[in-house]
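Since we're looking at a predicted model, the values are computed, not measured.
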Amino acid sequence: MRKLALYLAGCTAAVMVVMAVLGIATGASQELHEHFAQPQAYAMALVERGGALRVMMGLDLAFIVLYTMFFAAEAAYLRERRQPAVLVWLGFAAIVATALLDFVEDHHILVLLDEAEAHVLPTIGAIAFQSVLSATKFSCSFIGFVAFGLAIPRDTKLGLGFGMFLVIGTLISAVLSYAAPPDSLATLETMRFAGFFLGFVLGIAWLRKQPD
């Protein structure tokens with residue numbers, strides 16, 4: 001399970017790199033559509049980079065599958081290490097809930113894109129629903145990350161650092177996500193993406209040093 005988790009972490013991080021390169025090259029961004037905006041502006045933002053956004057969503061679906069499989073393998077490995085079952089399975093349940101919300105989010109954005117390309121403006125309710133859905137997804141992920149962070153064995157400096165990153169870093173991100181002013185959202189989204197990537201890098205480094 002350790003080796004499987006290690007390979008899955010590497011594959012997940014690789015998809016994140018591809019998504020980042022695509023976003024830089026095309027300007028397409030899923031995060032742009034996770035927040036409320038007036039219907040006209042929201043529709044224009046969708047259509048402006050519709051083709052690249054569809055590719056981004058396809059990559060994100062692969063990312064969702066991979067991160068879910070990674071956390072499944074990670075949960076199984078932590079149980080092999082006899083880490084607390086309540087933390088491991090609570091964390092994995094929260095990740096599964098995050099993945100399901102992530103799927104709904106992606107497909108909802110794609111439906112809104114289809115409507116916008118057919119010259120149908122999204123309703124205020126649909127945009128508000130998308131915003132609530134995205135926020136709920138991230139909130140579920142916070143539970144998962146903190147639970148896994150608490151379950152990581154702290155018997156080495158790397159394990160201690162990885163666990164603290166998941167717990168403290170996640171809580172800081174949670175507070176900033178909802179307390180920061182709207183004009184700083186783009187910066188926060190970039191930092192959150194970088195934090196996810198760093199988390200996988202730390203996870204890979206930690207798994208490489210662990211026993212089978």
So Lys209 and Thr156, side chain to side chain contact (heavy atoms under 4.5 Å, CB included) or not? Walk me through it.
CA-CA 10 Å; Lys209 300 291 185 180; Thr156 64; over 6 Å; no
Linking I/L/V/M/F/W/Y whenever any side-chain heavy atoms sit under 4.5 Å apart, do [X] and [Y] land together?
X	Y	value
Trp206	Met69	yes
Ile124	Leu121	no
Leu32	Val111	no
Ile24	Val17	no
Phe70	Val201	yes

Measure across [X] and [Y] and return the closest heavy-atom pair with its distance rounded to 0.1 Å.
X	Y	result
Ala128	Phe36	N-CD1, 4.1 Å
Gly50	Glu117	CA-OE2, 4.3 Å
Arg81	Pro211	NH1-CD, 3.8 Å
Ala43	Pro122	CB-CD, 3.8 Å
Ile127	Pro39	CD1-CA, 3.7 Å
Ala73	Leu8	CB-CD1, 4.1 Å

Under 3.5 Å, is there a donor-acceptor pair between the side chain of Ser173 and the main chain of Gly169?
no
Verify, without hydrogens or angle tests, whether Tyr42 (side chain) and His33 (backbone) share a donor-acceptor contact under 3.5 angstrom.
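Judged by distance alone, yes, a pair lies under 3.5 Å.
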Verify side chain to side chain contact (heavy atoms under 4.5 Å, CB included) between Asp102 and Gln30, making sure each step is shown before the conclusion.
CA-CA 11 Å; Asp102 223 345; Gln30 174 186 347; 4.0 Å; yes
Apply side chain to side chain contact (heavy atoms under 4.5 Å, CB included) to the pair Arg2 and Glu80, showing each step before the final yes or no.
CA-CA 10 Å; Arg2 181 190 70 85; Glu80 288 177 356; over 6 Å; no
Rounded to the nearest 0.5 Å, how far does [atom2] of [Y] lie from [atom1] of [X]?
X	Y	atom1	atom2	value
Ile172	Ser177	CD1	OG	11.5 Å
Arg154	Gln83	CZ	CD	8.0 Å
His107	Asp114	NE2	CG	12.0 Å
Ile152	Leu202	CD1	CG	10.5 Å
Phe92	Leu78	CZ	CG	12.0 Å
Ile204	Tyr7	CD1	OH	12.0 Å

Test side-chain contact (heavy atoms from CB on, under 4.5 Å), reference Glu74, set Leu207, Leu4, Leu6, output is Leu207
Residue of the set Val65, Leu66, Ile64 for which side-chain contact (heavy atoms from CB on, under 4.5 Å) holds with Thr12:
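Of Val65, Leu66, Ile64, side-chain contact (heavy atoms from CB on, under 4.5 Å) with Thr12 is met by Leu66 alone.
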Hey, which of Phe165, Phe196, Phe200 is the one that makes ring-ring contact (aromatic ring centres under 6.0 Å, His included) with Phe145?
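Checked Phe165, Phe196, Phe200 against Phe145; only one passes ring-ring contact (aromatic ring centres under 6.0 Å, His included): Phe196.
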Pairing of Glu31 and Arg192 as salt bridge, 4.0 angstrom limit:
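No, this pair does not count.
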Is the number of heavy atoms from other residues, nucleotides or ligands within 6.0 Å of CZ (Phe138) greater than 12?
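Correct, the count exceeds 12.
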Neighbour count >12 (heavy atoms, 6.0 Å) for atom CE, Met191
no
Glu189/Glu34 under side chain to side chain contact (heavy atoms under 4.5 Å, CB included): CA gap, chis, key distance, verdict:
CA-CA 10 Å; Glu189 296 289 359; Glu34 293 176 345; 4.0 Å; yes
Mind checking whether Met56 and Ile109 have side chains closer than 4.5 Å, heavy atoms only?
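The answer is no, as the side chains (C-beta and beyond) never meet within the 4.5 Å cut-off.
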